[in-house]
Amino acid sequence: MDIHALETWYKKNKRDLPFRKTHDPYRIWISEIMLQQTQVDTVIPYYESFIKRFPHVSDLAKADQEQVLKMIEGLGYYRRFRYMKKTAEIIMSDHNGHFPKTYKDLLELPGIGTYTASAIMSIAYNEPYAATDGNVIRVFSREEGIEGDMRKAKNKRKIQSVNQSLIEQAEPTIYTQAMMEIGALICTPKNPACETCPLNGTCFAYQHDAQMDLPDLSKRKPQKQTHYMTLIVEDEDHLFLRKQDEAMLGGLYLCPQYEATDIETVIQQLRQKDIFLKDPRFLGKEKHVFSHRIWHMLVYKTRLTGEKPDDWTRVNKKKLKDVPMPVAHQKIMTLFKANR
DNA sequence: AAGACGGGGTT
DNA sequence: AACCCAGTCTT
């Protein structure tokens, strides 16, 4: 590959992104966590407001976990932000507030894996650690004509090896960003812009017209579908919500919902536990598609007579705007507001 | 090595 | 509707 052509192309064509205005390892780290499995255009407004609210790692370490989740509500993969908060605390307690400077130390932090550690090493510190992400896999599998299912670790290691040998001949901070930028702007999954690609002179896929066959990515399994009865339980000025445990949507608040296909079943089940729903009224249905699941929700508005379950939280309606909720249940709240 | 984990953009 | 994305962690 022509590294010089790549770097020249990058300097001329790179986007003006907020996290490219700095080499501060804290800011590079925040951007890299946010960018995991998430499009650049989605991240930008979150990154801007997050850095404004938490300009230094100490601000994040001191912050309230719930407020952090509220700041990144809607980005998905919420576990990464609980790891992020934990890592900020570790940097304050174990590293004297200084961001770790070695690959090994970075890798020990929660939520920082081989990709993110390498991205920080190369982008923030200009050290030759190859960061191999989805863009890099696509560019190299095409440019070098590397076959094999790229969802498998064995085949990713081939890409990692090529990537590492190249960054050692390059300016790391430029090289890492240039590889990802060309994957985002030129070497796209569909309809790559090969005619304007600075690498087309040495590209295997271009010369064999194999752009659409590379990279080889195996099919994903279909999502598991689940049916819920979703309850909007209110009293005069409060709503009852349930905080998710670690498994899925961890730390976010949802309306109580029960896996069932009719409301009568739920009413009966709750009655067994001395919880009585008063006059449930059907508001509508919502479907929410996750990458690995599909939720079908029938939404009922109701009130409570007697006690509430221990794991429900009574939230003042005026405080709802401070409570982090997943998009799936932001839809439920919209339905609620439309029916007041 | 395989599965869990969100949500939005693109085609 | 299918596919993809600046991945990491657990089992």
Side-chain angles (χ1 to χ4, degrees), chain A residues 14-15 17-20 27-47 69 72-84 86-87 106-124 130-139 149-157 159-160 163 173 175-185 187-192 212 215-224 244-252 254 287-295 324-331:
Chain A
K14 67 176 178 179
R15 291 168 290 180
L17 305 175
F19 31 88
R20 288 198 176 137
R27 296 189 180 205
I28 299 301
W29 167 58
I30 298 298
S31 71
E32 289 300 341
I33 300 298
M34 289 185 172
L35 286 160
Q36 287 171 8
Q37 301 291 293
T38 311
Q39 301 276 16
V40 167
D41 289 340
T42 303
V43 164
I44 289 173
Y46 285 91
Y47 173 83
L69 287 176
I72 53 76
E73 173 188 69
L75 273 182
Y77 283 149
Y78 297 101
R79 199 169 346 195
R80 56 183 158 160
F81 300 106
R82 301 177 346 144
Y83 290 140
M84 177 194 273
K86 181 66 184 168
T87 282
L106 288 171
L107 214 46
E108 286 178 9
L109 296 167
I112 297 186
T114 55
Y115 164 78
T116 303
S118 297
I120 295 170
M121 289 303 293
S122 58
I123 297 172
T132 303
D133 72 330
N135 288 305
V136 173
I137 287 169
R138 190 169 56 255
V139 172
D149 181 358
M150 286 304 159
R151 294 202 203 282
K152 295 200 179 294
K154 182 172 75 125
N155 296 317
K156 283 188 195 174
R157 280 196 286 274
I159 306 277
Q160 173 67 27
N163 198 18
T173 188
Y175 174 85
T176 292
Q177 298 181 77
M179 284 299 293
M180 299 195 283
E181 193 75 338
I182 206 161
L185 299 183
C187 198
T188 49
K190 310 274 184 190
N191 307 322
M212 293 309 288
D216 175 9
L217 295 171
S218 57
K219 301 277 185 214
R220 290 199 184 178
K221 292 183 176 175
Q223 299 101 322
K224 184 187 174 193
Q244 287 289 103
D245 62 13
E246 296 195 7
M248 190 173 166
L249 305 171
L252 280 70
L254 277 65
K287 176 183 175 183
H288 189 76
V289 179
F290 298 89
S291 55
H292 59 306
R293 293 178 195 212
I294 297 176
W295 283 1
M325 296 184 80
V327 170
H329 276 213
Q330 289 173 16
K331 294 177 183 173

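Within every chain, numbering begins at 1; the chains are lettered A, B, ... in the order of the sequence lines, protein sequences first and strands thereafter.
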Original post:
Between the side chains of A/Glu32 and A/Tyr115, is a donor N or O closer than 3.5 angstrom to an acceptor N or O?
Top reply: yes
Original post:
If you pin A/Leu35 and A/Gln223 to their nearest nucleotides in DNA chain C, which one's is more 5'?
Top reply: A/Gln223
Subject >> Value in whole Å for how far the P atom of C/dT8 lies from CD of A/Gln160 >> reply: 11 Å
Original post:
How would you label the contact of A/Leu17 with the nucleic acid (heavy atoms, under 4.0 Å): base, sugar-phosphate, or nothing?
Top reply: base
Original post:
A/Asn163 CG to C/dA6 P: how many Å, rounded?
Top reply: 14 Å
**OP:** May I have the distance from A/Leu217 (atom CG) to C/dA2 (atom C1'), rounded to whole angstrom?
**Re:** 13 Å
Original post:
Looking at C/dC5, C/dA1, B/dT11, which one has an atom nearest to any side-chain atom of A/Lys287?
Top reply: C/dA1
Original post:
If you look at every strand shown and take non-hydrogen atoms under 4.0 Å, does A/Thr114 touch a base, only sugar-phosphate, or nothing?
Top reply: sugar-phosphate
Original post:
Hey, is the main chain of A/Gln36 close enough, under 3.5 Å, to the side chain of A/Arg80 for a donor-acceptor pair?
Top reply: yes
**OP:** Quick one: label A/Arg20 by what it contacts on the DNA or RNA (base, sugar-phosphate, nothing), any heavy atom closer than 4.0 Å.
**Re:** base
Subject >> Contacts of type side-chain hydrogen bond (donor to acceptor under 3.5 Å, both in side chains), residue A/Arg293, not counting sequence neighbours >> reply: none
**OP:** Using whole Å, report how far OH of A/Tyr115 lies from C1' of C/dC5.
**Re:** 11 Å
**OP:** Using whole Å, report how far CD of A/Glu32 lies from C1' of C/dT8.
**Re:** 14 Å
Subject >> Interatomic distance where CG belongs to A/Asp216 and P belongs to C/dC4 [whole Å] >> reply: 10 Å
Subject >> Ion pair check, A/Arg20 and A/Glu181, cut-off under 4.0 Å >> reply: yes
**OP:** Using a 4.0 Å heavy-atom cut-off across all strands, classify A/Tyr46 as base, sugar-phosphate, or nothing.
**Re:** nothing
Subject >> Residues forming a ring pair (Phe, Tyr, Trp, His ring centres under 6.0 Å) with A/Tyr47, sequence neighbours excluded >> reply: A/Phe19
**OP:** Report yes or no: do A/His288 and A/Lys331 form a side-chain donor-acceptor pair below 3.5 Å?
**Re:** yes
Original post:
Only one of A/Val136, A/Val139, A/Asn135 clears side chain to side chain contact (heavy atoms under 4.5 Å, CB included) with A/Cys187; which?
Top reply: A/Val139
**OP:** Whole angstrom is fine here: how far is it from CG in A/Asp133 over to P in C/dA6?
**Re:** 6 Å
Original post:
Reading nucleotides 1-8 of chain B from the 5' end, what letters show protein touch, with B for base, S for backbone sugar-phosphate only, - for no heavy atom under 4.0 Å?
Top reply: SSS-BBBB
**OP:** Using a heavy-atom cut-off of under 4.0 Å over every strand shown, decide if A/Val40 touches base, sugar-phosphate, or nothing.
**Re:** base
Subject >> Separation of atom CZ in A/Arg138 from atom P in C/dC3, rounded to whole Å >> reply: 16 Å
Original post:
What distance, rounded to whole Å, do you find between the two P atoms, one in B/dT11 and one in C/dA6?
Top reply: 14 Å
**OP:** Give one of base, sugar-phosphate or nothing for A/Ser31, where a contact means two heavy atoms less than 4.0 Å apart.
**Re:** nothing
